[in-house]
Number of protein chains: 2
Amino acid sequence: MDDRVWKALADSTRRAVLDALADGPLTTGDLVERFPELCRTAVMKHLDVLVEANLVVPRREGRQRWNDLNPAPIQAVCDRWVSRHVSRLASAMGRLKGLVEEQQRPEAAAASAKSRKG
Amino acid sequence: MDDRVWKALADSTRRAVLDALADGPLTTGDLVERFPELCRTAVMKHLDVLVEANLVVPRREGRQRWNDLNPAPIQAVCDRWVSRHVSRLASAMGRLKGLVEEQQRPEAAAASAKSRKG
DNA sequence: TAAACATGTCACTATTTGGTGACATGACAT
DNA sequence: ATGTCATGTCACCAAATAGTGACATGTTTA
C-alpha cells in the first residue's frame, strides 16, 4: 500500500525535508540546522515517517547518520494517480467549463483561480 | 499553496471518493450509499475537504447536490513534484544501488523490496 | 578513561483529524 | 399546508499527529 507515502507527503515540513535531500544526502544534524523552528526530536520523527514510506534511506557512518532521498515512490504514486485520473481530465474539464459558463458561480471561479496561482 | 491538495489526498477514504467520482458526478446521497461504513456527516466532511482543495466542485440541483471531480489539481501537484525530484532519480538510484551492493544491509534490502512490491 | 558529540528513545502535551448523533433548512409531492 | 426527502450545521468524542524536554546509547577525541 502506498498509503504511507501519501501520509508522508501530506506534511509540508516533510516535503521540505525531501527538497533539502534532493541535492544530496544530509546527516540528521544537517537537517536540524536547516529547520531552526523545530527541535531535533521533531526532525527525527519526520525522518521516521519518511523512512517508513521508503522515501528516505538512512545509513550509519560513525556517530552520524546520513539520510538519502529515494524519489522512486513519489514517482510511482504520482504516475499511478495521474494515469488513473488523467483520462477523465478532458471530459471533466469539459463539464466544469460548461458549468462555469452557464452558472458563473463566484466561489468556484475564485477557488479555481487560487489553485492556478498556487 | 497546494498544501490543501496534499492534505486532501492523504486520506484513503477521500482518494476512494475521487475514484468514485472518476466515472462521473454523483450526488452526496449516492456517495453515502457507496460508503456504508461511514455516516452521512463523515462523507460530507470528506467532501468539504475535497472542495476546499478544489478537487471536487459541488453544484446544487433542486434538493440534491451533485459533486463533480476536478482532476486538474492532482495532475498539477504531481507534475510539479515529479519534475522537481525526477531529475535526481537517476543519481539517487545510483547512490542507493551502490549502498545496497556494498553494504548489503538487510533492513534496506527489505524496505526497497517492499516498495517494489507495493 | 573521560569529555564531547551525534543520534536514539521515552513520557508527556496540545492540536488536528475522522467520526458520530441531533437538529435545522430548504425543496418537492400530496 | 404539510409531510418527506436531501442536504446543511452543530456540539461533542476518540484517535492520530506534531511537538517538546529529559535521558540513554554509542563514537570519537583528548
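By convention in this document, chain letters (A, B, ...) are assigned in the order of the sequence lines, proteins followed by strands, and residues within each chain are numbered from 1. What's counted below: heavy atoms across the whole structure, side chains too, no hydrogens, waters or symmetry copies.
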Any carboxylate oxygen within less than 4.0 angstrom of a Lys/Arg side-chain nitrogen, looking at Asp3(A) and Lys7(A)? yes

For a 4.5 angstrom cut-off between non-hydrogen side-chain atoms, does [X] reach [Y]?
X: Arg59(A); Y: Pro25(A); value: yes
X: Leu47(A); Y: Thr28(A); value: yes
X: Val57(A); Y: Asn70(A); value: yes
X: Leu9(A); Y: Trp81(B); value: yes

Give every donor-acceptor pair under 3.5 Å between a side-chain atom in residues 30-46 of chain A and any protein atom, sequence neighbours left out.
from	atom 1	to	atom 2	distance (Å)
Asp30(A)	OD1	Thr27(A)	OG1	3.4
Asp30(A)	OD2	Thr27(A)	N	3.1
Asp30(A)	OD2	Thr27(A)	OG1	3.1
His46(A)	ND1	Arg14(A)	NH1	3.1

Just to verify, what does Asp19(A) make a salt bridge (Lys or Arg N to Asp or Glu O under 4.0 Å) with, not counting sequence neighbours? Arg84(B)

Please list, in 5' to 3' order, the outermost nucleotides of DNA chain C lying under 4.0 Å from any heavy atom of chain A. dA4(C) to dC10(C)

Between [X] and [Y], is there a shared hydrophobic cluster once you connect ILVMFWY residues whose side-chain heavy atoms come closer than 4.5 Å?
X: Leu26(A); Y: Val49(A); value: no
X: Leu69(A); Y: Val5(A); value: yes
X: Leu21(B); Y: Trp66(B); value: no

Here the distance between atom P of dA18(D) and atom CG of Asp11(A), to the nearest Å, is 5 Å

Both Thr27(B) and Arg14(A) contact DNA chain D. Taking the nearest nucleotide for each, which residue is further toward the 5' end? Thr27(B)

On DNA chain D, check which nucleotide each of Thr13(A) and Thr28(B) is closest to and give me the residue with the more 5' one. Thr28(B)

Distances under 3.5 Å between nitrogen or oxygen atoms of protein and nucleotides 25-30 of chain D:
from	atom 1	to	atom 2	distance (Å)
dT27(D)	O2	Arg63(A)	NH1	3.4

What residues in residues 37-50 of chain B put a non-hydrogen atom under 4.0 Å from any atom of DNA chain D? Arg40(B), Thr41(B), Met44(B)

